[in-house]
Amino acid sequence: MSYTLSWISGCPNAWGTLFGMEIKGISYESDRLNANTSDHNKANYHFFDPLGKVPLLKDGDTIICESIAILAYLEIKHPEKPLFGTNPKQTGIIWQRVFEIVNNFRDPLANGITQPLFKGQALDEPKAMQVSAGKMHDVLQWVNNMLLLSTYLAGETLSAADVIYMPFVQSLLRAANRDDAASLNLGVLPIHKSYPNIAAWLNRIEDISAYEKTYPPHWRG
Ligand SMILES: N[C@@H](CCC(=O)N[C@@H](CS)C(=O)NCC(=O)O)C(=O)O
């Protein structure tokens, strides 16, 4: 069995997929694309994913786009080290969390704060950023409260919800640490003071060997 995963360093969706595959011990050929040269916009890539997005998994003749779909596909093929639970209740709660992330808790971080900072656009619209910061804090408070009640986002065991959400939180922290974020006073750093339960959750995840193995290479050094 041989998988190929196309990904871009620093893409949180792709990081979640890579992280999940490493946790499950699934080997794959790494097809790291270069965002700057727009490898993913080349025609042959669009043949597989019309939107030209990463990650994309090739498994022989089977092509799966969408990071969460890839994780669900691999879960069926590799049920060991489960990320989507082992009984109906766990599976239901994990999928509930996954959809809460997708519908409510991802975009206020990614679209509202992280992307404008990474694109160097945040200081163009400081008032809009303050509005976005309010929405980001609403989300972080909700997640921080959730992590007071359980060790991981969907209970006492690491699940797909943690794997999917962690890269968005780490991307936010990296963006908030940029020099141009200082004047925005986002109030998120240091995370162990602003949101201690999220900080402890991140520490637990960082201790997993798959975290270091899948850490975005261009973020190093
Ligand atoms: N829903 C998709 C979103 C993937 C996505 O937005 N990928 C971004 C990078 S994080 C991408 O490929 N961007 C390249 C582009 O839009 O040209 C998933 O989760 O797989």
Side-chain angles (χ1 to χ4, degrees), residues 3-24 26 28-59 62-78 83-84 94-122 132 136 139 143 153-154 159-178 205 210-211 213-220:
Y3 298 112
T4 303
L5 191 84
S6 302
W7 59 288
I8 289 173
S9 178
C11 165
N13 306 285
W15 188 5
T17 303
L18 290 166
F19 187 42
M21 289 178 83
E22 286 288 347
I23 287 171
K24 289 176 80 65
I26 299 170
Y28 55 91
E29 189 178 321
S30 168
D31 175 34
R32 179 179 169 190
L33 304 178
N34 185 338
N36 297 325
T37 53
S38 299
D39 287 344
H40 54 292
N41 284 327
K42 302 225 170 92
N44 63 344
Y45 192 90
H46 275 251
F47 177 75
F48 299 119
D49 177 4
L51 297 176
K53 303 274 187 194
V54 294
L56 180 145
L57 181 81
K58 289 186 197 150
D59 176 16
T62 305
I63 307 287
I64 308 287
C65 313
E66 291 292 336
S67 53
I68 298 167
I70 294 170
L71 289 172
Y73 173 80
L74 292 171
E75 181 84 354
I76 301 288
K77 291 195 72 176
H78 304 268
L83 290 175
F84 288 89
I94 291 165
W95 275 108
Q96 176 190 326
R97 287 283 179 267
V98 168
F99 278 100
E100 286 167 349
I101 290 165
V102 170
N103 292 329
N104 303 307
F105 303 125
R106 182 184 63 185
D107 292 348
L109 274 51
N111 296 349
I113 303 292
T114 309
Q115 286 306 321
L117 279 165
F118 279 162
K119 289 178 181 166
Q121 297 166 346
S132 296
M136 170 199 72
V139 166
V143 174
L153 291 177
S159 77
D162 307 287
V163 165
I164 290 162
Y165 199 49
M166 173 280 290
F168 288 93
V169 178
Q170 292 290 21
S171 298
L172 172 76
L173 299 185
R174 185 172 173 85
N177 202 32
R178 287 168 55 105
I205 291 176
Y211 176 85
K213 282 188 193 151
T214 57
Y215 189 81
H218 85 283
W219 285 10
R220 295 179 198 277

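These values consider heavy atoms only, across backbone and side chains, with no hydrogens, waters or symmetry-generated copies. One-based numbering, in listed order, for ligands and for the atoms of each.
- Distance alone, capped at 3.5 Å, is enough to place a donor-acceptor pair between the Asn103 side chain and the Phe99 backbone.
- Between Glu75 and Lys24 there is a salt bridge, since at least one side-chain N of the basic residue sits less than 4.0 Å from a carboxylate O of the acidic one.
- Every atom of ligand 1 is numbered from 1 in the order shown, and the set under 4.0 Å from a heavy atom of Pro55 is 20 (O).
- For the pair Asp59 and Lys77, the salt-bridge criterion is met [side-chain N within less than 4.0 Å of a carboxylate O].
- Checked by distance only, ligand 1 and Ser67 come closer than 3.5 Å through their nitrogen or oxygen atoms.
- Residue contacts with ligand 1 include Val54, since one of its heavy atoms falls under 4.0 Å from the ligand.
- Ring pair Tyr211/Trp15 is tilted by interplanar angle, where 30° to 60° counts as tilted.
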